[in-house]
Amino acid sequence: MKIILSEKYGRLASWMRKLPAQGVCGEVLRDDRNTLWCERVAGEEFVVKRFAVPLRLNRWVYTFFRPTKARRSYDYSLRLRRSGIAVADPVGYIECRRGLLFHTGYYVSKRLPYPTLQQLDREPQARQFEILDASPSASTKRVCSTTTTIRATSSIIGRTVRGISR
């Protein structure tokens, strides 16, 4: 098992080591191909994403040729932060192997106090913008607003198309 942890969160090393063995523990945010859940550790909330086990060919690829999705998630979060884009604080990632091959990856980030896109999508459009206007920082508003606007627009288009096709 390989664990990469941000210096800022070094105190969480023992918890990170236990993640693969303990499995999902806490509020499940999404349980689909990948599983996301929230855990409270040392008074702080973190989101853990466990990536699906890749097919055998991709296990070879992730072992020898390409960074895992967990690593890319961590690296891209750092890159986005350096670019001034408000993203959840990246904590670290875990790569687990079975035998010589990569098997499972985990990405951990700090939980932001904002609703998920799925939660926003269930709200009426006027309420979505009301929620976004309550965001604390201008940069967070800009990023969230853009994402939600895209999501809301695609949702409205989907509803309109379904309405027309009935």
Side-chain angles (χ1 to χ4, degrees), residues 1-54 62-63 66-98 102-125 127-152 155:
M1 178 167 54
K2 174 182 174 182
I3 299 176
I4 300 297
L5 193 58
S6 169
E7 289 180 20
K8 181 177 177 182
Y9 294 100
R11 67 189 184 284
L12 300 175
S14 63
W15 172 69
M16 290 276 287
R17 275 192 294 278
K18 296 174 189 173
L19 269 177
Q22 82 177 20
V24 176
C25 182
E27 175 192 356
V28 175
L29 303 174
R30 186 166 183 89
D31 191 9
D32 201 9
R33 186 184 76 230
N34 302 314
T35 304
L36 278 85
W37 70 93
C38 181
E39 284 196 42
R40 181 172 283 283
V41 180
E44 295 181 272
E45 285 190 311
F46 299 95
V47 175
V48 180
K49 181 174 187 176
R50 180 181 59 204
F51 293 91
V53 177
Y62 288 137
T63 300
R66 185 168 193 210
T68 64
K69 289 181 181 182
R71 179 179 176 176
R72 285 182 286 156
S73 296
Y74 181 74
D75 291 344
Y76 292 151
S77 292
L78 292 173
R79 187 182 300 176
L80 288 169
R81 287 183 78 84
R82 281 193 300 269
S83 298
I85 297 173
V87 296
D89 209 9
V91 174
Y93 67 93
I94 302 170
E95 295 175 346
C96 300
R97 292 178 179 235
R98 278 218 181 129
F102 170 78
H103 185 263
T104 311
Y106 296 81
Y107 169 67
V108 180
S109 66
K110 185 105 162 72
R111 184 172 189 179
L112 295 176
Y114 307 117
T116 65
L117 288 176
Q118 289 80 16
Q119 291 167 334
L120 274 177
D121 195 36
R122 286 186 227 124
E123 297 286 340
Q125 186 176 11
R127 176 74 177 127
Q128 291 177 5
F129 290 112
E130 182 183 312
I131 291 168
L132 290 173
D133 286 339
S135 297
S137 74
S139 63
T140 302
K141 279 187 192 178
R142 186 175 62 245
V143 171
C144 291
S145 178
T146 303
T147 304
T148 303
T149 301
I150 292 168
R151 181 74 174 167
S155 180

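No hydrogens, no waters, no symmetry mates; every other heavy atom, side chains included, goes into these values.
- Under 4.0 Å is where a charged nitrogen must lie from a carboxylate oxygen, and between Glu44 and Lys110 at least one such pair does.
- When each of Tyr93, Tyr107, Tyr76 is tested with Arg71 by the rule side-chain contact (heavy atoms from CB on, under 4.5 Å), just one qualifies, namely Tyr93.
- When side chains are defined from C-beta on, Phe51 does not count as touching Thr68, because their heavy atoms never get closer than 4.5 Å.
- Between Arg79 and Asp75, no side-chain nitrogen of the basic residue sits less than 4.0 Å from a carboxylate oxygen of the acidic one, so the salt-bridge criterion is not met.
- More than 12 heavy atoms of other residues, nucleotides or ligands shown are found within 6.0 angstrom of CZ on Arg97.
- From Arg17, atom CZ reaches atom CE of Met1 across 7.5 Å, with rounding to the nearest 0.5 Å.
- The two residues Trp37 and Val28 come nearest to each other via the heavy atoms CB-CA, 4.0 Å.
- Looking at heavy atoms from C-beta onward, Pro20 lies out of side-chain contact with Thr104 at the 4.5 angstrom threshold.
- Test Thr35, Leu19, Asn34 against Arg50 for side-chain contact (heavy atoms from CB on, under 4.5 Å) and you get one pass: Thr35.
- Between atom CZ of residue Arg40 and atom CD of residue Glu45 there is a gap of 4.5 Å, rounded to the nearest 0.5 Å.
- Using a distance-only test at 3.5 Å, with no hydrogens or angles considered, a donor-acceptor pair links the side chain of Ser77 to the main chain of Ser73.
- Distance check, rounded to the nearest 0.5 Å: CG of Leu29 to CZ of Arg111 gives 5.0 Å.
- Taking the six-membered ring where the residue is Trp, Tyr62 and Phe102 present perpendicular rings, their angle passing 60° and hence far from 30°.
- Separation of atoms CE (Met16) and CD1 (Ile3) is listed at 6.0 Å; rounding is to 0.5 Å.
- Judged by distance alone, the side chain of Arg66 and the main-chain N or O of Thr63 form no donor-acceptor pair under 3.5 Å.
- Counting only heavy atoms from C-beta outward, the side chains of Lys2 and Ile4 approach each other to under 4.5 Å.
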**OP:** Report the C-alpha distance between Val91 and Leu5 in whole Å, list the side-chain angles of each, state the deciding distance to 0.1 Å, and finish with yes or no for side-chain contact (heavy atoms from CB on, under 4.5 Å).
**Re:** CA-CA 6 Å; Val91 174; Leu5 193 58; 3.7 Å; yes

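- Other residues, nucleotides and ligands contribute over 12 non-hydrogen atoms within 6.0 Å of the CZ atom of Arg11.
- Atom OG of residue Ser109 and atom OH of residue Tyr9 lie 9.0 Å apart, to the nearest 0.5 angstrom.
- Taking 4.5 Å as the limit, every side-chain heavy atom of Lys69 sits out of range of all side-chain heavy atoms of Pro54.
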